[in-house]
There are 2 protein chains.
Amino acid sequence: MSDAKSKIMQAASKLFLEGGYKALSVRAIAREAGVSTIGIYSHFDGKQGILDALYIEGFAQVEATCALPDGVTDRDAAIETVVRQYLRSVQAHEAHYRLIFGEQSPDFSPSEDARKAGAQAFARLLERSAEFLPDHSADEVRNAALEIWALIHGFVSLRQHVTALKTQSTDWEDQVVRAVRIHVAALDQTRS
Amino acid sequence: MSDAKSKIMQAASKLFLEGGYKALSVRAIAREAGVSTIGIYSHFDGKQGILDALYIEGFAQVEATCALPDGVTDRDAAIETVVRQYLRSVQAHEAHYRLIFGEQSPDFSPSEDARKAGAQAFARLLERSAEFLPDHSADEVRNAALEIWALIHGFVSLRQHVTALKTQSTDWEDQVVRAVRIHVAALDQTRS
DNA sequence: GCCTGATCATAACAGTGTTATACAAATGTC
DNA sequence: GACATTTGTATAACACTGTTATGATCAGGC
């Protein structure tokens, strides 16, 4: 990666982290990077290219939350770890998270490479789900992974958008953990 | 509602339905309504006011999916009805649904009245949840309603944004129904 | 009829992402 | 090393966005 390209990417990440999508104009990025706007077009595919790179970062962050520290073998503890890591990551990288779920970004359409980042994050969650449900078929594990992700992400998204649902942060986190545990346990008892 | 205001609202709804958020510029709305742009500012609070009205429509659509036809008393049948109604509504009003969950709309911040529409939709889901879990406390019912909504909305949002998760439409709908049923049944067995 | 507030047409403003233009720098070829 | 080609750059211009400003008209109340 060239010097200018790297400067631009750092500037974009910084602005995004600090000010969210709204802070991310082509002129603001160029100014922050100390280059002129044309660099955004020669090194990235304009604003779309910038958003693409941030999108890939966003799903990489999600993927990282599906990794377990050594020593966590108990299913309920593992679920709790993954869920809390996920929720912490959303909090630390809110703009990235909103980007990967299409928020605030009219006209942005992820590239093929960027889409693959979503698939990769899901693959990591699939691995965890297979561990949660060791005696289940591949289809069942896939469905379980999807349901786990739906529950967690559903909570996050509802909390961001339906203000009537705001509760204390720890109560809410505990509820997400509990809901996922209950759901996985119910799936484990439901064999086809 | 005055004639111009009504024309503007109809134009906005039409454009939104047909072309989504991107179709909704102030000039496009004014042109479609046959007025000049200043009407958007005198009858609504500019573009924010237009989005507010559409936002309220969006949550009203969600709320309507929580109504059951007469004769549906079986819990599993009721869950299936609500879930399928919800998914159908999302499909029919995709732009509205995206708006209420913050998608594509930089700078839009819902008014207090608009926020209340979200609370109202949740209240309707609360009523259904109380019927699903008749012997549970108000807190448990509230948690259940939140989890049901998280599951359904989580599925919808993941399907919209993580292309790796695309499956056949009916398989996917069936899975949402099944997941909600399993979850509610598990909650019913979990008494505190 | 006068006054006030609401509504309206139109132009201008400040911002957006992108493209055009001319030039400079880097790389490749002989 | 000289020349040609490619890549990168600064800057201005373009087309579009939401919004405000300006001057005029309309509607309602006294």
Side-chain angles (χ1 to χ4, degrees), chain A residues 1-56 95 98-99 102-111 114, chain B residues 1-56 95 98-99 102-111 114:
Chain A
M1 197 185 287
S2 70
D3 191 45
K5 184 169 185 179
S6 163
K7 275 190 196 165
I8 290 167
M9 197 60 229
Q10 278 166 35
S13 291
K14 179 172 184 273
L15 290 171
F16 201 48
L17 213 55
E18 289 171 1
Y21 184 84
K22 280 170 54 185
L24 214 50
S25 74
V26 169
R27 288 169 176 85
I29 297 168
R31 197 181 311 124
E32 179 72 30
V35 300
S36 63
T37 60
I38 192 63
I40 313 269
Y41 295 89
S42 49
H43 294 287
F44 298 86
D45 186 26
K47 177 124 183 218
Q48 291 288 309
I50 296 287
L51 292 174
D52 230 46
L54 293 169
Y55 184 100
I56 291 167
R98 287 178 185 274
L99 178 63
E103 296 191 30
Q104 297 176 8
S105 45
D107 287 338
F108 173 60
S109 184
S111 68
Chain B
M1 197 183 288
S2 70
D3 191 45
K5 185 169 185 180
S6 164
K7 276 190 195 164
I8 289 168
M9 198 60 230
Q10 278 166 36
S13 291
K14 181 172 182 273
L15 289 171
F16 201 48
L17 212 55
E18 288 170 1
Y21 184 85
K22 281 169 56 187
L24 215 49
S25 73
V26 168
R27 289 170 176 82
I29 298 170
R31 197 182 309 124
E32 178 72 32
V35 301
S36 64
T37 61
I38 192 65
I40 313 273
Y41 295 90
S42 48
H43 294 286
F44 298 86
D45 185 26
K47 177 125 181 216
Q48 292 288 306
I50 296 286
L51 293 174
D52 230 48
L54 293 169
Y55 183 99
I56 290 167
R98 288 179 186 273
L99 178 64
E103 295 192 31
Q104 295 177 8
S105 44
D107 286 339
F108 173 60
S109 185
S111 68

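Bear in mind that the values here come from a model prediction, so they are computed numbers and not experimental data. Here is the naming used below: chain letters follow the sequence lines, and residue numbers restart at 1 for every chain.
For the pair B:I29 and B:V35, the minimum side-chain heavy-atom distance is 4.5 Å or more. Within the 4.5 Å cutoff, side-chain heavy atoms of A:V26 are placed close to those of A:Y41. Counting heavy atoms from C-beta outward, A:L99 and A:F16 have side chains that approach closer than 4.5 Å. Side-chain contact check for B:P106 versus A:S105: every heavy-atom pair is 4.5 Å or farther apart. Using a 4.5 Å cut-off on side-chain heavy atoms (C-beta onward), A:Q104 and B:Q104 make no contact. In this structure, A:D45 and A:I50 have side chains that are not in contact, with every pair of non-hydrogen atoms separated by 4.5 Å or more.
Think of the region where chain A sits on DNA chain D: with heavy atoms and a 4.0 Å cut, that region ends 5' and 3' at D:dT9 to D:dA13.
In this entry the distance linking NZ of B:K7 with P of C:dT7 reads 15 Å, nearest Å. Rounded to a whole Å, the NE2 atom of B:H43 is 8 Å from the C1' atom of C:dC8. One atom, CG of B:D107, and another, P of C:dA14, lie 18 Å apart when rounded to the nearest Å. Rounded to whole Å, the distance from CG on B:D3 to P on C:dC8 is 9 Å. One can place CD1 of A:I29 at 10 Å from P of C:dT18, the figure rounded to the nearest angstrom. In this structure, the CD1 atom of A:I50 is 11 Å from the P atom of C:dG17, given to the nearest Å. Put simply, CD on A:Q48 is 12 Å from C1' on C:dT18, counting in whole angstrom units. Atoms CZ (A:R31) and P (C:dG17) sit 11 Å apart, rounded to a whole Å.
Among the heavy atoms of the strands lying under 4.0 Å from B:S36 is at least one base atom, whether or not backbone atoms are also near.
Of the inter-residue distances, the one linking B:R98 atom CZ with A:E103 atom CD reads 11.0 Å to the nearest 0.5 angstrom.
Both cation-pi conditions hold for B:K47 and B:Y21: the charged atom is under 6.0 angstrom from the six-membered ring centre and inside a 45 degree cone around its axis. In this structure, A:K22 fails the cation-pi test against B:F108, since its NZ or CZ atom is not both closer than 6.0 Å to the six-membered ring centre and inside 45 degrees of the ring normal.
In terms of position on DNA chain D, the residue among B:I38 and B:K47 whose nearest nucleotide sits closer to the 5' end is B:K47.
Of all the residues in residues 10-24 of chain A, A:L24 reach under 4.0 Å from DNA chain C with at least one non-hydrogen atom.
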